[in-house]
Number of protein chains: 2
Amino acid sequence: MLNNQQADHSGRAPLDSVFQALTDPTRRAMIVRLCQGPASVSDLAAPFAMSLPAIVQHLQVLENCGLIHTEKIGRVRSCSIVPATLRFAENWLAACRTPAERRMDRLEAFLESDDPSNPQPEDN
Amino acid sequence: MLNNQQADHSGRAPLDSVFQALTDPTRRAMIVRLCQGPASVSDLAAPFAMSLPAIVQHLQVLENCGLIHTEKIGRVRSCSIVPATLRFAENWLAACRTPAERRMDRLEAFLESDDPSNPQPEDN
DNA sequence: CCCATACTTAAGTATGTGCTTAACAATCAG
DNA sequence: CTGATTGTTAAGCACATACTTAAGTATGGG
C-alpha cells in the first residue's frame with residue numbers, strides 16, 4: 001500500500017494534522033458534504049451560521065492536511081475530497097486496533113475453554 | 001453493528017473527543033502501546049521525557065473519550081485499550097470515504113470508456 | 001464602466017490545550 | 001512505624017484554535 005505520500009503542509013506529523021482537522025464538527029460536516037461531490041466555498045458555507053472567513057479558515061485546515069484539494073476557477077473556488085487521506089487515517093486506526101482485538105479474541109477463547117491446559121496454537 | 005454506545009464523558013459529540021484525543025502524538029503512542037496489552041501509568045510514562053502529571057492528563061483525555069479503560073488496584077493503575085472506540089472512528093471514516101471513492105471510480109470508468117454513450121448501469 | 005458576486009486578508013478576542021512545578025495521598029515492603 | 005513507590009491534585013503559563021468584524025481584491029454580467 002502506497003499511502004505514505006501525504007500532502008501535509010503543517011510542519012507536524014501528517015497524522016497530527018489529519019486527526020486535528022477531523023476534530024471539528026463543522027469540518028467533518030464539510031467532509032461529508034464533499035464526499036458526495038465537489039462544491040464551492042459558498043455551497044459549503046450555506047448550512048452554517050458562521051461568517052465566510054471562518055468557513056475559509058476551516059477549508060484551509062482541511063487543505064493543509066491534505067484532506068481536500070481546492071482550485072480557483074474564475075471567482076469560484078472549487079473544493080473536492082481526497083479519499084486517500086481519509087484512508088490514511090483509517091489505515092492507522094485499523095493497524096492499531098487489529099493486534100488488540102486478536103489479543104482479546106485469544107483471551108476470550110482461553111477463558112471459554114474449560115480445559116485449563118489449552119495452549120492456543122502458538123501465535124506470539 | 002452496535003458501535004453507537006460510546007463512553008464519552010466530555011459533553012462534546014463522541015467523534016469530537018475521540019479525534020481530538022488522537023491528534024496528540026504522545027497519546028497515539030500510548031494507544032499503540034496499549035494495543036499490545038495492558039500497562040501501568042509508569043510503564044506508559046517510561047518512553048517519554050515528560051512529567052508524570054502530563055502523562056496522567058493524557059490518560060484522562062483517552063479515558064474520557066472512551067479510547068481506554070483504567071482500573072486502580074493497590075497503588076497501581078492498570079490501563080487497557082477499548083478497541084470498539086477505535087473501530088467507531090474507523091467506521092465513520094470508512095462510511096465517509098466510500099461514496100467518494102465510488103463516485104471517483106464511476107468517473108474514471110466513464111473517462112476510460114471510448115464509447116461516448118456509456119450509461120454505467122444506473123447507480124445514483 | 002459599474003455593480004454585485006465570491007471570496008480574501010488582516011487584526012483582534014475568548015477559550016482550549018499541553019505542559020510545568022510544588023505539594024499531597026495512598027499503598028506496600030522491611 | 002518508616003520510607004520508598006506510585007500516583008493525584010492544584011495552580012499557573014505559553015501557545016494554539018475558532019471564531020469575530022472590517023476592509024480589500026478579483027471576476028463577470030448588464
Side-chain angles (χ1 to χ4, degrees), chain A residues 8-31 33-34 37-80, chain B residues 8-34 38-80:
Chain A
D8 190 283
H9 294 169
S10 67
R12 299 182 291 180
L15 281 172
D16 285 29
S17 56
V18 171
F19 283 129
Q20 170 66 34
L22 291 169
T23 59
D24 189 277
T26 302
R27 285 194 293 259
R28 283 201 308 276
M30 287 170 162
I31 288 178
R33 167 64 188 78
L34 289 175
S40 72
V41 173
S42 315
D43 287 347
L44 290 168
F48 304 106
M50 194 182 293
S51 68
L52 239 212
I55 296 291
V56 171
Q57 282 164 26
H58 282 305
L59 290 173
Q60 282 167 353
V61 171
L62 290 172
E63 183 160 30
N64 286 338
C65 75
L67 274 168
I68 70 172
H69 169 75
T70 82
E71 187 184 7
K72 193 158 186 175
I73 300 169
R75 59 185 168 179
V76 171
R77 178 169 297 276
S78 176
C79 308
S80 49
Chain B
D8 190 284
H9 294 168
S10 68
R12 299 182 290 180
L15 281 171
D16 285 28
S17 56
V18 171
F19 283 130
Q20 171 66 34
L22 291 169
T23 59
D24 189 276
T26 302
R27 286 194 292 259
R28 284 201 307 277
M30 288 170 162
I31 287 177
V32 169
R33 168 62 188 79
L34 288 175
S40 72
V41 173
S42 315
D43 287 348
L44 290 167
F48 305 106
M50 194 182 293
S51 69
L52 239 212
I55 297 291
V56 171
Q57 283 164 24
H58 282 305
L59 290 173
Q60 281 168 353
V61 171
L62 291 173
E63 183 160 30
N64 286 338
C65 75
L67 275 168
I68 70 172
H69 169 76
T70 82
E71 188 183 7
K72 194 158 185 176
I73 301 170
R75 59 183 169 181
V76 172
R77 178 170 297 276
S78 177
C79 308
S80 49

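Lettering of chains follows the sequences in order, A, B, ..., and the numbering in each one begins at 1. The figures here come from the full heavy-atom set of this structure, side chains too, leaving out hydrogens, waters and symmetry mates. Worth saying up front: this structure is predicted, and the values here are computed from it rather than measured.
Side-chain proximity of A/Val76 to the nucleotides D/dC19, C/dC7, D/dT9 is greatest for C/dC7. For B/Pro53, counting side-chain heavy atoms from C-beta on, the closest listed nucleotide (C/dC19, C/dT21, D/dT17) is C/dT21. For B/Met50, counting side-chain heavy atoms from C-beta on, the closest listed nucleotide (D/dT20, C/dC19, C/dG18) is C/dC19. Checking C/dT20, C/dG18, C/dC7 against every side-chain atom of A/Leu52, the shortest atom distance belongs to C/dC7. The side chain of B/Gln60 sits closest to D/dT9 out of D/dT9, D/dA18, D/dT8.
The phosphate of C/dA6 has neither OP1 nor OP2 within less than 4.0 Å of any side-chain N or O from A/Ser40. Look at A/Ser51 and you'll find a side-chain N or O under 4.0 angstrom from OP1 or OP2 of D/dT20. Proximity of A/Ser42 to the phosphate of C/dA6: no side-chain N or O atom is located under 4.0 Å from OP1 or OP2.
Counted by atom type alone, A/Ser17 and A/Arg12 present zero donor-acceptor pairs between their side chains at under 3.5 Å.
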Start with the C-alpha distance between A/Thr70 and A/Leu59, add both sets of side-chain angles, then the distance that settles side-chain contact (heavy atoms from CB on, under 4.5 Å), and finish with yes or no. CA-CA 9 Å; A/Thr70 82; A/Leu59 290 173; 5.6 Å; no

Can you list the steps and then say if A/Leu44 with A/Leu34 is a side-chain contact (heavy atoms from CB on, under 4.5 Å)? CA-CA 8 Å; A/Leu44 290 168; A/Leu34 289 175; 3.9 Å; yes

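Rounded to whole angstrom, the span from the CG atom of B/Leu22 across to the P atom of C/dG18 amounts to 12 Å. Spacing between atom CD1 of B/Ile55 and atom P of C/dT20 amounts to 9 Å, rounded to whole angstrom units. In this structure, B/Arg28 atom CZ and C/dG18 atom P are separated by 12 Å, rounded to whole Å. For B/Phe19 and D/dA18, the CZ to C1' distance is 19 Å, given to the nearest whole Å. The nearest whole Å value for the distance from the NE2 atom in A/His58 to the P atom in D/dA16 is 18 Å. One atom, CZ of A/Phe48, and another, C1' of D/dC19, lie 14 Å apart when rounded to the nearest Å. Residue B/Asp43 contributes atom CG, which lies 11 Å from atom C1' of D/dT6 at whole-angstrom precision. Summarising the geometry, the separation between CZ on A/Arg77 and P on D/dA26 is reported as 13 Å, rounded to the nearest angstrom.
A donor-acceptor distance shorter than 3.5 angstrom exists from the side chain of A/Arg28 to the backbone of A/Thr23, with no hydrogens or angles considered. Of the possible donor and acceptor atoms, one in the side chain of A/Arg27 sits under 3.5 Å from a partner among the backbone N and O of A/Ala21.
Side chain B/Gln57 to base C/dT20: a donor-acceptor pair is found below 3.5 Å.
Toward the 5′ end of DNA chain D lies the nearest nucleotide of A/Arg12, the other residue of the pair A/Lys72 and A/Arg12 mapping further downstream. Take the nearest nucleotide of DNA chain D for A/Ala54 and for B/Arg75: the residue whose nucleotide is more 5' is B/Arg75.
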